[in-house]
Amino acid sequence: MLFENIAYVDENFCVKTGFVGVSGGYIGYVGADKPSAGYGERVDGRARILIPGLVNAHCHVPMTLLRGYGEGLPLDRWLNERVFPFEAELTGEDVYLGSLVGIAELLASGCTSFSDMYDHCEEIAEAVKISGIRANLSRAVLGFGDVPLSENARHAEAEALIKKWHGASGDRIRVDYAIHAEYTSNERTVREAADFAGSANVGVQVHLSETKSEHDGCVGRRGRTPARYFADCGLFDVRATAAHAVWVTDGDMDILREYGVTVSHNPTSNLKLASGIARVPEMRRRGVKLALGTDGASSNNNLNMLEELHIASILHRGTSLDPEFLPPGEALEIATRSGALSQGREDCGLIKEGYRADLAVVSLAKPHMLPVHGLISDIVYSAQSSDVEMTVVGGETVYRDGKCLLFNQDEAIENAAVSARRIAEKLRQ
Ligand SMILES: [Zn+2]
């Protein structure tokens, strides 16, 4: 595949115009001159820009089924009265359908990879496999009581998931380990999980200091912040992604930097659930690695990574009163390359020779994209997901002109709606 005469985001997150050639799943050529090698499909790049695929660093992809369910409740009531009872009714088939719908949303916004934490991960993996998207999946492990990890049923599922799916589909699917959160696990579970992740050589996903009550509760329970506690348990000794980090202290930020933990910033979910606003300018100043996530569609309420990028890039100017904070190129890097690195995918997230061809083509032929004074700022502040014409993962076109190409999107939407209604009606009785 050859993108011809196309504006593209180079490895320094500046815009150039030229040719980008893809072969064997990788970017084989980037340059101003037409390459001499022959390519199959040619994509006319005029009035289009090629960007690295967006990476969603924190998601619960099947939660499309809970979109709009239980709005307006405080977090604890929303979880206990609505989310948990609904989730208890989910079958593997429901999760599979909800995942396909979520993946369709992700691909439509130019997202090529996501990190996920949920239940029924076998079915999520099947959905990832057939849809063509890339993902780091994880089974959320909880642990109560003084029970060894080896007797924890969720851990057994996590271990089986790693055995079966880690590195599957040409490495499109990887499996991380997940500790759901500090307040849903005890110290023994976290310590043994950290050891396990280290010996299995997989990364870790965890929710961290999402709400004030969760953060303060940990300090009360353990005499330490969640970040200090997880670090003490060894959980950050492996590659780790911590979602939210809204209430982390300055000292916590130093811990996160020291251990190289990536924070997945999820601004829409934090705003909608009234969790607060993460201190992203302070994290940047202290050198904490940042990536961008949507969280689940139940708390966002969509999986539109371009919208998330827009919100993340302007939100902190409002709180810091600093109009120079987070230039658009840096925001785009957070949403692409940094996300790929958070997944341990060193060869993803850049338009550069030798990197995996995870790409999105965005149309510039739209009223809101003119007159093109600055292409990166147009992508970050003006682009809509409906401008994404094509999403390519590992050199394969998986989304084009409003349709997922590798599965029947309309059928998935229809069947997922049936699943969601069935559960909602049962719970109403
Ligand atoms: Zn989450």
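All values below were derived from every heavy atom in this structure, side-chain atoms included, with hydrogens, water molecules and symmetry-related copies excluded. For ligands, and for the atoms within them, numbers begin at 1 and follow the listed sequence.
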Hey, can you tell me if H207 and H244 have their rings parallel, tilted or perpendicular (30° and 60° cut-offs)?
parallel
Can you tell me if an N/O/S atom from H58 lies under 2.8 Å from the Zn ion (ligand 1)?
yes
Between K272 and N300, do the side chains contain an N or O donor and an N or O acceptor separated by less than 3.5 Å?
no
Kindly state whether the ring of H120 and the ring of Y96 have centres lying under 6.0 angstrom apart.
no
Using the ring of each side chain (for Trp, its six-membered ring), is Y118 parallel, tilted or perpendicular to H60, with breaks at 30° and 60°?
tilted
Decide, counting backbone as well as side-chain atoms, whether E210 has an N, O or S atom less than 2.8 Å from the Zn ion (ligand 1).
no
Does H207 put an N, O or S atom under 2.8 Å from the Zn ion (ligand 1)?
yes
Can you give the angle H60 NE2 - the Zn ion (ligand 1) - D295 OD1, rounded to 10°?
80°
